[in-house]
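The block underneath contains the structure these notes are about, expressed in structure tokens.
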Amino acid sequence: MSLLQQSTIRNRLLAAMTPDDFAGLQTHLERVPLELRHVLIRAGESIRHVHFVERGISSVLAEAEQERIEIGMIGPEGFAGLPVVLGVESSPHVFMVQSEGEAVRIPAEALQEAMDRSSSLRALLARYVHCFMVLVAQTAYANANYGLESRLARWILMTQDRLGQDELPLTHEFLSTMLGVRRPGVTVATQVLEGNGLIRARRGRITVLDRERLMELADGSYGVPEAEYERVMGPAS
Amino acid sequence: MPRFFTNVRRGGILIPDREGEDLPDLRAARREALETVREMMRLPHVYGDVREWQRDELVVTDESGAAVLTVPFMAREEAGDGRSDVDGS
């Protein structure tokens, strides 16, 4: 099997590694598809692989009895498997593919050993963990302070950021799970956004028409984690 | 399982549920609709102030597009027993 080359990588963290750090991981890296709704990490189970997302999105979900709500999302700016970097073997959260794509995965032990050898690798991944914590805090803030329309706008913007396209494959059922609200709430909020010309909604997909006004509607619920990521990780290469 | 669509009637306009949901029967669709109304009343910081919703109705349709159930928000509050009108139109 040929080794993955850093020049072909889309994941921003893998791409931002020093050539030496990347070379240290290279023999362990493996490209894998991300299939819709596939669970990358189960709650409470030992994490075997860390997935650096190349295309697509993994959601991080908190579970309570029958219900799930999204607390964060991970696209090509990050990786699924944060506890591994912090030296913890499992998580109470579920990491599930929300938008199909592709990832580069590495066994958890291989990544931990590489971090033990390289302080620059550890520092890079730690900076992302910080950014993810800011994102989760922002989700808590948005859920407590903003109505459904603003939260839907925030969620559409975050999805567009990670998929890098205007047309987003999203069903109302999925949105209702992600936002932790009932489907008719999503139906009405989507209608309001569409009626104002911010999006076009069709069965199973949402197209962004006016990103600026989505940002206005999302108001303070969107922007802080995104700015923090750019500040901490540097501009996209 | 039959598919039910939970549309929202607001200000005389029907906001269509384009995707619907597979449920065992009309009873389950009714239970879902009532639970939705209850949650919307309970969580105004999520769904908006109750005054914005109180004149709305949930109109459940079947796959043929026929309305099989109408749940007005106010009626539930007044009746307070979880029952609702069935609209056969």
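Note that the structure is a prediction, hence the values are computed from the model and not measured. Chain A is the first sequence line, chain B the second, and so forth, proteins listed ahead of strands; every chain is numbered from 1.
- By the 30° and 60° cut-offs, the orientation of the rings of A:Y128 relative to A:Y229 is perpendicular.
- With a threshold of 4.5 angstrom between heavy atoms, A:N143 approaches chain B through N, CA, C or O but not through any side-chain atom.
- Top candidate by heavy-atom pairs under 4.5 Å with chain A, chosen from B:P16, B:P44, B:G20, is B:G20.
- Under 4.0 Å is where a charged nitrogen must lie from a carboxylate oxygen, and between A:E230 and A:R12 at least one such pair does.
- Only the backbone of A:A144 comes within contact range of chain B, judged by heavy atoms closer than 4.5 Å.
- A salt bridge links A:E228 with A:R231: the distance from a Lys NZ or Arg NE/NH1/NH2 to an Asp or Glu carboxylate oxygen falls below 4.0 Å.
- With a 4.5 Å cut-off on non-hydrogen atoms, B:L58 touches chain A through its side chain but not through its backbone.
- Top candidate by heavy-atom pairs under 4.5 Å with chain B, chosen from A:E149, A:H172, A:R202, A:R151, is A:H172.
- Counting heavy-atom pairs closer than 4.5 Å to chain A, the top-ranked of the candidates B:E39, B:H45, B:R10 is B:E39.
- For A:R203, the parts sitting under 4.5 Å from any heavy atom of chain B are the backbone and the side chain alike.
- Using a 4.0 Å cut-off between a side-chain N of Lys or Arg and a carboxylate O of Asp or Glu, B:D49 and B:R51 qualify as a salt bridge.
- Looking at B:V46, both its backbone and its side chain come within 4.5 Å of chain A, counting heavy atoms on both sides.
- In this structure, B:W53 and B:F73 have parallel ring planes: the angle between them is below the 30° cut-off, well short of the 60° mark.
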Could you go through the side-chain hydrogen bond (donor to acceptor under 3.5 Å, both in side chains) check for A:E70 and A:S59 one step at a time?
CA-CA 6 Å; A:E70 183 177 68; A:S59 274; 2.3 Å; yes
